[in-house]
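Written below as structure tokens is the structure these notes are about.
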Amino acid sequence: QVQLVESGGGSVQAGGSLRLSCAASGRAVSTSVMGWFRQAPAKEREFVAWIGVRGIMKNYTDSVLGRFTASRDNARNTVYLQMNNLKPEDTAVYYCGQKRPGADFYNPRDYDSWGQGTQVTVSS
């Protein structure tokens, strides 16, 4: 069973940057698509990005295109989300998840092994 631990969140001003990490333990995630999602207060968890097994294929929600970059280091069993030019609307708890094989890429219900999340707060 995989355990995921997100870290790297914090409070920044608009225009700032953060780098989130998602460290996996228990089992390797090197053969899994990994996703980043976020959840703002009173809102549903929403898709942010997914990254393929080799870190080549990626996709992002439109609102973060050109600002966020997902990457992974399979040797370290870790996935990253570099977030630049942050905006107040990016404020949320960010989670990483392990996509089930053959499942949808964008629905959080198709991901397992959620961590506790890391809070990102962007002030204007």
Just wondering, do [Y] and [X] contact through their side chains at under 4.5 Å, heavy atoms?
| X | Y | value |
| --- | --- | --- |
| R38 | E46 | yes |
| R67 | D90 | yes |
| Q82 | S17 | yes |

Just by distance, do the side chain of [X] and the backbone of [Y] share a donor-acceptor pair under 3.5 Å?
| X | Y | value |
| --- | --- | --- |
| R100 | R109 | yes |
| N84 | G66 | no |
| N74 | V53 | yes |
| T78 | A23 | no |

Spacing of [atom1] belonging to [X] relative to [atom2] belonging to [Y], to within rounding of 0.5 Å:
| X | Y | atom1 | atom2 | value |
| --- | --- | --- | --- | --- |
| C22 | M34 | SG | CE | 4.5 Å |
| Y80 | R72 | OH | CZ | 11.5 Å |
| S21 | E6 | OG | CD | 10.0 Å |
| S32 | N77 | OG | CG | 9.5 Å |
| N59 | L65 | CG | CG | 7.5 Å |
| S30 | R76 | OG | CZ | 15.0 Å |

Count I, L, V, M, F, W, Y as connected when their side-chain heavy atoms are under 4.5 Å apart, and connections chain through other members. Are [X] and [Y] then in the same cluster?
| X | Y | result |
| --- | --- | --- |
| V48 | V120 | yes |
| L81 | V64 | yes |
| V29 | Y95 | no |
| L20 | F37 | no |
| V12 | W36 | yes |

Which pair of heavy atoms, one from [X] and one from [Y], lies closest together, and at what distance?
| X | Y | result |
| --- | --- | --- |
| V2 | A24 | CG1-CB, 4.2 Å |
| P88 | S123 | CG-C, 4.4 Å |
| A28 | Q98 | O-NE2, 4.5 Å |

side-chain contact (heavy atoms from CB on, under 4.5 Å) between L4 and C96, worked out: CA-CA 7 Å; L4 300 175; C96 66; 3.9 Å; yes
Steps toward side-chain contact (heavy atoms from CB on, under 4.5 Å) verdict (T69, K58): CA-CA 9 Å; T69 303; K58 308 174 189 181; 4.2 Å; yes
Y94 and F68 aromatic ring geometry - parallel, tilted or perpendicular at 30°/60° bounds: tilted
Mutual orientation of the aromatic rings belonging to Y106 and F47 [parallel < 30°, tilted 30-60°, perpendicular > 60°]: perpendicular
Option from F105, Y60, Y111 for which ring-ring contact (aromatic ring centres under 6.0 Å, His included) with W50 holds: F105
Residues D110, K99: salt bridge by 4.0 Å N-O rule: no
Residues, nucleotides or ligands: over 12 heavy atoms within 6.0 Å of Q116 CD: yes
